[in-house]
Undergrad: 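Quick one: this structure, given as structure tokens, is what I'll be asking you about.
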Amino acid sequence: MITGKTNVVGVIGDPVEHSLSPPMHNAAFKHLKMDYVYVPYHVKKGMLSDAIAGSKSLNIKGLNVTIPHKTNVIKYLDELDKSAELIGAVNTIKFDGNHAKGYNTDGIGAVKAIEEVNSVKNKKVIILGAGGAARAISFQIIMDGAESIVIANRTAANAEQLQRDLVEKLNANVKSIDLGEKLEIELSNADILINTTPIGMYPNVDQEPLVKAELMHENLVVKDCVYNPLQTGLIKEAEKCNAKVVSGLKMLIYQGMEAFRIWTGVTPPLEIFERSLKGQFE
Ligand code: NAD
């Protein structure tokens, strides 16, 4: 029940109506008997400054930030956590009175999901795509001890920019390549392949994945960031050659659990987040 003492957290985005975060967080608040509610807020471009100032005025405790605000929101915040600063994007804000601190839990979510099947330490990683998710994951995976990263992207300039940032900020061992023959060569001795492009995402479920089973091997861990559908074309290809697979849903769950912890100091149970999403994709 919402009372006069209920704490409010939420998500801002445009659009926001398809967000899966409200059921996850509200299920955990209920399970843990915490007096919190998680609310979606549709915030259009141009209204971001008002949304952050308004959140402070309304004593909102925390927000998730989704497309298209992850980068632009930074200029309205008072402080950034180290990884949000390195990545250059924020997906979680914690308000403490009039003070707003930005975090990025996407990379942490991805690494935790991968580490359910294999450690990322000393691994050779290939990342498909060079957008927001690629930035978050590449910085986090290097900070967590990956040996090297190859960024394979359609637009060379974006991959090269991410490469320069990783070298400059973390002195990372990183290469950028296109999606052609060089990718085939890199795949033959890679440990982890991560798709951060939206290829295969609903409603384009029949879109051809960037890597087919012939180029994978059974010691490869294949992780997709796309979570709708749960079984993407890339995951199906990986299963054909017995590679280990990590769904995008696990990343979504772990990034949300980390945001919950940042706001409340409590780590919610994984099963509660998982159970709240059952039936969302049928
Ligand atoms: P973005 O737009 O910032 O980056 C997308 C990247 O994919 C770009 O580098 C672009 O060049 C590349 N790309 C797009 N279409 C392509 C195509 N047809 N062929 C080759 N490359 C293509 O997007 P983002 O914020 O990085 O998100 C990417 C995906 O990751 C989305 O599907 C998003 O839903 C998903 N995501 C999932 C989670 C999660 O928790 N599971 C978190 C963040 C993002």
Side-chain angles (χ1 to χ4, degrees), residues 11 13-16 18-25 64-73 83-84 87-92 103-114 116 126-141 149-163 165-166 176-180 183 193-212 222-235 245-260 270 273-274 276-277 280-281:
V11 54
D14 178 21
V16 80
H18 301 298
S19 173
L20 295 172
S21 296
M24 292 196 303
H25 289 276
N64 281 136
V65 182
T66 188
I67 290 170
H69 302 311
K70 287 186 182 184
T71 310
N72 289 339
V73 77
S83 58
I87 294 162
V90 159
N91 79 334
T92 301
Y103 298 80
N104 194 312
T105 69
D106 280 336
I108 295 170
V111 170
K112 285 202 163 147
I114 292 167
E116 274 196 357
I126 299 183
I127 296 189
L128 306 171
R135 285 192 79 82
I137 295 171
S138 54
F139 275 97
Q140 192 65 47
I141 215 162
I149 295 191
V150 174
I151 302 157
N153 197 43
R154 192 173 50 175
T155 313
N158 295 345
E160 286 159 11
Q161 182 60 54
L162 179 51
Q163 177 188 19
D165 290 349
L166 283 160
S176 60
I177 59 170
D178 60 27
L179 297 166
L183 177 57
L193 171 68
I194 306 173
N195 174 48
T196 73
T197 77
I199 291 175
M201 185 164 76
Y202 179 85
N204 304 313
V205 295
D206 294 326
Q207 216 173 350
E208 183 105 327
L210 289 173
V211 178
K212 303 297 271 300
V222 178
K223 189 221 166 325
D224 208 333
C225 290
V226 173
Y227 54 81
N228 187 10
L230 289 177
Q231 248 223 341
T232 59
L234 185 78
I235 297 281
V245 300
V246 183
S247 81
L249 199 64
K250 271 289 160 72
M251 172 179 172
L252 182 79
I253 288 170
Y254 279 117
Q255 65 74 30
M257 287 171 61
E258 182 61 15
F260 190 108
L270 173 72
F273 265 44
E274 259 176 343
S276 74
L277 297 177
Q280 299 277 352
F281 301 98

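Every number for a ligand or one of its atoms is a count from 1 in the order of the listing. Values below: every heavy atom of this structure, side chains too, minus hydrogens, waters and symmetry copies.
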Undergrad: Ignoring angles and geometry beyond distance, decide whether Val226 reaches within less than 3.5 Å of ligand 1 through its nitrogen or oxygen atoms.
TA: no
Undergrad: For atom 18 (N) of ligand 1, what's the nearest protein heavy-atom neighbour? Residue, atom name and distance, please.
TA: Arg154 NH1, 3.4 Å
Undergrad: Please say which of Thr105, Asn64, Thr66 ends up in a side chain to side chain donor-acceptor pair (under 3.5 Å) with Asn91.
TA: Thr105
Undergrad: According to salt bridge (charged side-chain N to carboxylate O under 4.0 Å, His left out), who are the partners of Glu116, at least two apart in sequence or on a separate chain?
TA: Lys250
Undergrad: Where's the contact between Met251 and ligand 1, heavy-atom distance under 4.0 Å: side chain, backbone, both or neither?
TA: both
Undergrad: Taking distance alone, with N or O pairs closer than 3.5 Å, would you say Gly132 contacts ligand 1?
TA: yes
Undergrad: As an exercise, identify every atom of ligand 1 less than 4.0 angstrom from a heavy atom of Leu252.
TA: 39 (C), 40 (O), 41 (N)
Undergrad: Please work out which of the three classes, parallel, tilted or perpendicular, describes the rings of Phe273 and Phe260, given edges at 30° and 60°.
TA: perpendicular
Undergrad: Going from NZ on Lys223 to CG on Leu128, what distance comes out if it is rounded to the nearest 0.5 angstrom?
TA: 12.0 Å
Undergrad: Considering only heavy atoms of Ile199, which atoms of ligand 1 have at least one such atom less than 4.0 Å away?
TA: 17 (C), 18 (N), 19 (N), 20 (C)
Undergrad: Taking only heavy atoms of Ala130 into account, list the atoms of ligand 1 that are under 4.0 Å away from them.
TA: 9 (O)
Undergrad: CG of Asn153 to CD of Gln163: how many Å apart, nearest 0.5 Å?
TA: 12.0 Å
Undergrad: Quick one: pull up CD1 in Ile141 and CD1 in Ile108 and give me the separation to the nearest 0.5 Å.
TA: 12.5 Å
Undergrad: Do protein heavy atoms approach atom 16 (C) of ligand 1 to less than 4.0 Å?
TA: yes
Undergrad: Hey, is ligand 1 close enough to Met201 that some N/O pair sits below 3.5 Å?
TA: no
Undergrad: When rounded to the nearest 0.5 angstrom, what is the spacing between CE in Met24 and CD in Gln280?
TA: 10.0 Å
Undergrad: Considering heavy atoms of the protein only, find what lies nearest to atom 24 (P) of ligand 1 and give residue, atom and distance to 0.1 Å.
TA: Ala133 N, 3.8 Å
Undergrad: Using only atom types and a distance under 3.5 Å, with no angle test, would you say the side chain of Asn104 pairs donor to acceptor with the backbone of Ala89?
TA: yes
Undergrad: How far is atom 28 (C) of ligand 1 from its nearest protein heavy atom, and which residue and atom name does that atom have?
TA: Thr196 O, 2.9 Å
Undergrad: Give me the residue, atom name and distance of the protein heavy atom closest to atom 14 (C) of ligand 1.
TA: Pro198 CD, 3.4 Å
Undergrad: Among all protein non-hydrogen atoms, which one is nearest to atom 37 (C) of ligand 1, and what is the separation to 0.1 Å?
TA: Cys225 O, 3.2 Å
Undergrad: Below the 3.5 angstrom mark, is there an N/O of Asn153, backbone or side chain, next to an N/O of ligand 1?
TA: yes
Undergrad: How far does SG of Cys225 sit from CG of Leu252, to the nearest 0.5 angstrom?
TA: 10.5 Å
Undergrad: Which is closest to atom 6 (C) of ligand 1 by heavy-atom distance: Gly248, Gly131, Ser247, Gly109?
TA: Gly131
Undergrad: Check each atom of ligand 1 against the heavy atoms of Gly129 and keep those under 4.0 Å away; list them by number with element.
TA: 9 (O)
Undergrad: In the protein, which heavy atom is nearest to atom 12 (C) of ligand 1, and how far is it?
TA: Thr197 CG2, 3.9 Å
Undergrad: Just jot down the salt bridge (charged side-chain N to carboxylate O under 4.0 Å, His left out) partners of Asp106, sequence neighbours excluded, or say none.
TA: Lys70
Undergrad: At what distance, to the nearest 0.5 angstrom, does OG1 of Thr197 lie from CG of Leu234?
TA: 8.5 Å
Undergrad: With the threshold set strictly below 4.0 angstrom, can you tell me whether any protein non-hydrogen atom sits that near atom 2 (O) of ligand 1?
TA: no
